[in-house]
Amino acid sequence: MTTAHILGYPRIGAKRELKFALESFWQGNSSIQELEATGSQLRHLNWQKQESAGLAFVSVGDFSYYDHVLDHTVLFGAAPARFGLAGKVLAPTDYFSLARGNASQPASEMTKWFDTNYHYLVPELGPETAFSANAHELLVQVDEALATGSSVKPTLLGPVSYLYLSKSRAEGFDRVSLLPSLCAQYAALLAELKYRGIEWVQIDEPILTLDLNAQWLEAFEHAYARIRDDRPKLLLATYFDHVARYIPSIISLPVDGIHIDLVRAPEQLKPWLHALPSHWVLSAGVVDGRNIWRNNLNETLDILEPVSALLGDRLWIAPSCSLLHVPVTLDHETKLDSEIKSWLAFADEKLIELQVLVKALDEGRDAVSDALSQSYHAAVTRSTSSRVHASEVSKRLEKLHEVDADRQSPFAARRVIQQAELKLPLLPTTTIGSFPQTAEIRASRAAFKRGELNEVQYISDMQANIRHAIKQQEFLGLDVLVHGEAERNDMVEYFGEQLAGYAFTQNGWVQSYGSRCVKPPVIYGDVYRPLPMTVEATTYAQSLTQKPVKGMLTGPVTMLQWSFVRNDQLRETTALQLALAIRDEVADLEKAGISVIQIDEPAFREGLPLQKANWAHYLAWAVRAFKLSASVANDATQIHTHMCYSEFNDILPSIAAMDADVITIETSRSAMELLDGFGEFEYPNEIGPGVYDIHSPRVPTVEAMEKLMLRAMEVIPVERLWINPDCGLKTRAWPETVTALQNMVQVARNLRASLQQ
Ligand code: GLN
Ligand code: ZN
């Protein structure tokens with residue numbers, strides 16, 4: 001008998017029930033009992049789905065009211081000392097304080113979970129951390145699940161990954177020194193679970209897919225030696241990449257099985273089959289937990305059948321990783337084109353796929369012939385559909401080598417031409433694109449979407465916003481203006497909706513952090529741009545002013561990174577298609593008289609592969625995609641890009657290779673870090689280090705921003721500096737925005753005056 005299981009289920013609910021319950025509780029509109037009732041309902045529903053799909057276990061520990069890494073912090077009594085909660089049993093309000101901050105303490109730092117768009121709360125550990133067991137919440141959930149009569153497999157984040165993902169503020173403190181005391185708590189918890197009759201615990205060690213040094217590899221040996229006795233069996237779960245290079249270390253660990261990701265890294269199956277200790281189970285992650293495509297079950301069986309013959313009962317099958325990263329169900333997708341829908345599988349549908357695979361392995365393919373022929377049919381229609389394959393696009397890609405990805409002239413020459421053309425002052429001021437998205441703007445967009453506002457009225461609303469934005473910017477005295485992006489609800493969706501090859505779901509929500517969800521669009525087919533996308537709004541804005549108006553585009557890497565992408569062609573091929581679509585838009589904007597164009601790439605860095613060995617390849621195609629979209633511009637057109645983070649140091653050569661005339665970046669919160677890097681590297685082109693932290697409602701003072709600019713001037717020649725905020729202003733309100741920008745423009749005036757003396 002093959003064992004089917006999952007590594008985790010989405011917790012947010014098919015209709016984002018948890019989101020709404022959380023937000024209502026935070027606003028004081030509902031009680032903790034109501035919130036907990038929603039939590040319990042969602043867990044029971046998820047277990048019921050797993051049970052009826054015939055999985056061997058239901059999963060516990062994958063549910064969370066905010067974040068599962070934070071839950072481990074609470075579970076092991078490791079709330080940061082600054083919250084004053086050490087040793088206390090946490091009330092729900094304490095838990096949410098850790099997550100979201102409170103009147104006296106800022107929230108825990110949040111960062112991306114590996115290369116996903118999920119964000120976890122970084123544990124803050126230090127020499128003062130004294131772990132203690134605080135397992136009540138988890139055990140309640142285990143008991144709840146046991147009460148349903150199902151077999152229960154609790155999931156824990158493993159001790160080494162937990163420590164690795166944590167941060168310490170104490171200088172010179174080595175987090176690995178906390179391992180023995182942390183493992184003592186894991187051991188106690190595992191003993192408790194064994195006492196409850198739990199047979200298997202899944203222990204996630206996703207950091208095994210990263211580049212680990214000897215110290216961290218040894219930490220595994222030490223950690224697992226400390227939790228070897230008096231416990232349920234342990235399934236060591238890895239995901240997001242291969243772990244084959246660490247096989248010698250891993251197989252020496254006292255665990256009882258391993259889960260490997262065979263979607264991201266199918267090549268690791270063979271080495272694992274060779275190396276698998278004879279008493280271990282192998283959990284084969286064959287159903288994609290990161291993407292929404294229906295599994296090609298016949299192909300998967302071709303892989304699994306020989307493994308099943310070899311391993312028998314020791315073969316487990318599962319999604320590649322937790323299903324946290326995909327939406328819940330296709331059931332409520334009533335508007336999706338039915339053919340496209342037939343190619344998709346969200347979490348619920350993936351459970352059924354597991355069920356079919358198990359049956360086929362145990363009873364033969366004939367036992368599931370209907371399901372297999374449906375899967376086959378979907379695979380065939382998808383691979384041949386004219387919705388997917390646009391011959392014009394492939395022809396254009398074939399001729400790509402004829403397209404020059406370089407600008408006409410090198411930066412130095414372009415700069416002279418652009419200066420003559422744009423006549424910008426020293427330290428030009430600009431913004432990143434969006435202006436406040438007021439309630440009226442959102443209402444107007446929503447009414448248009450619902451069909452309550454006709455196109456003429458809608459366009460006139462949007463033009464009124466553009467007029468307002470231009471007027472404000474002229475009044476403020478900014479140098480390069482923007483139209484304000486009122487028409488965009490999201491920087492990827494807005495373009496995706498106008499490009500061929502994109503589909504949109506109604507409920508395809510995926511948790512991003514806490515109650516926040518994103519609904520990534522689906523790139524299902526060849527991407528191209530049927531019609532201009534931004535020319536009308538941008539030229540309208542330009543018609544209202546003598547100052548240059550910057551056209552605003554989302555770059556190819558970001559379009560790719562924030563979508564569910566095709567799995568039937570390389571990511572880089574899709575990126576090139578996107579690049580060509582944006583290239584067409586750049587050409588049209590230029591033709592329409594727009595002399596400054598910004599191609600945003602905020603997701604450029606997060607596309608970096610987990611393993612450094614793969615960085616060079618990614619950076620090469622990502623840079624090429626960006627350059628392809630920009631290189632159509634004439635020398636006189638100034639190309640900007642924007643990235644809203646500051647960790648550039650390890651990719652600076654690639655950022656420079658993108659060869660944007662101007663790059664605007666985040667720096668206000670981490671001025672020194674950035675400046676060192678850019679200074680040392682001698683970044684050649686122009687830079688706008690964001691001096692106004694738009695994430696805060698606080699209005700920055702002239703002095704504070706001037707200080708940042710003076711620091712920037714120490715490492716970057718003043719002729720190449722711009723003055724601008726960190727990111728777009730869409731989440732801010734107008735009054736604070738106006739005051740902040742007034743101050744920002746004042747900084748430019750002060751510095752210009754002092755430099756002219
Ligand atoms: N142009 C976009 C804006 O201003 C950029 C957003 C981003 O960097 N995430 O909103
Ligand atoms: Zn940004």
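Heads up: numbering here begins at 1 and tracks the sequence. For ligands, and for the atoms within them, numbers begin at 1 and follow the listed sequence. All of these numbers come straight from a predicted model, not from anything done at the bench.
Here is the list of ligand 1 atoms found below 4.0 Å of a heavy atom in G433: 4 (O). Per-residue contacts place S434 under 4.0 angstrom from the following atoms of ligand 1 (heavy atoms of the residue considered): 3 (C), 4 (O), 10 (O). Atoms of ligand 1 lying under 4.0 Å from any heavy atom of H642, numbered from 1 in the order shown and given with element: 8 (O). Of all the atoms in ligand 1, the ones that sit under 4.0 Å from a non-hydrogen atom of M491 are 6 (C), 7 (C), 9 (N).
No donor-acceptor contact under 3.5 angstrom links the side chains of Q437 and T731, judged on distance only.
In this structure, F626 and T641 have side chains that are in contact, with non-hydrogen atoms separated by less than 4.5 Å. Between R415 and E686, the closest side-chain pair of non-hydrogen atoms falls below 4.5 Å. With a 4.5 Å cut-off on side-chain heavy atoms, E585 and V535 count as touching. Annotation: side chain of L741 is in contact with side chain of P725 (closest heavy-atom distance under 4.5 Å). By the 4.5 Å heavy-atom criterion applied to side chains, S515 and R16 are not counted as neighbours.
Evaluated for a side-chain hydrogen bond (donor to acceptor under 3.5 Å, both in side chains) with D661, the options H640, Q638, Q418 yield exactly one hit, Q418.
Between I432 and ligand 1, an N or O atom pair is found at a separation short of 3.5 Å. Not a single N or O atom of Q598, backbone or side chain, sits closer than 3.5 Å to an N or O atom of ligand 1.
With sequence neighbours excluded, the residues satisfying side chain to side chain contact (heavy atoms under 4.5 Å, CB included) with F448 are L453, E455, Y458. For Q511, the side chain to side chain donor-acceptor pair (under 3.5 Å) partners two or more places apart in sequence, or in a different chain, are R11.
Residue contacts with ligand 1, taken as heavy atom pairs separated by less than 4.0 Å, involve C644 solely via side-chain atoms from C-beta onward. With a 4.0 Å cut-off on non-hydrogen atoms, M643 does not touch ligand 1 at all.
Nearest protein heavy-atom contact of atom 5 (C) of ligand 1 is D600 OD2, 3.4 Å.
Shown are the protein N/O/S atoms under 2.8 Å from the Zn ion (ligand 2), given by residue and atom: H642 NE2, C644 SG, C727 SG.
Annotation: the span from L121 atom CG to R100 atom CZ amounts to 11.5 Å, rounded to 0.5 Å.
Pairs passing the salt bridge (charged side-chain N to carboxylate O under 4.0 Å, His left out) check and including a residue from residues 507-527, sequence neighbours excluded, read D526-R566.
With G728, G484, C727 as candidates, the residue nearest to atom 7 (C) of ligand 1 on a non-hydrogen basis is C727.
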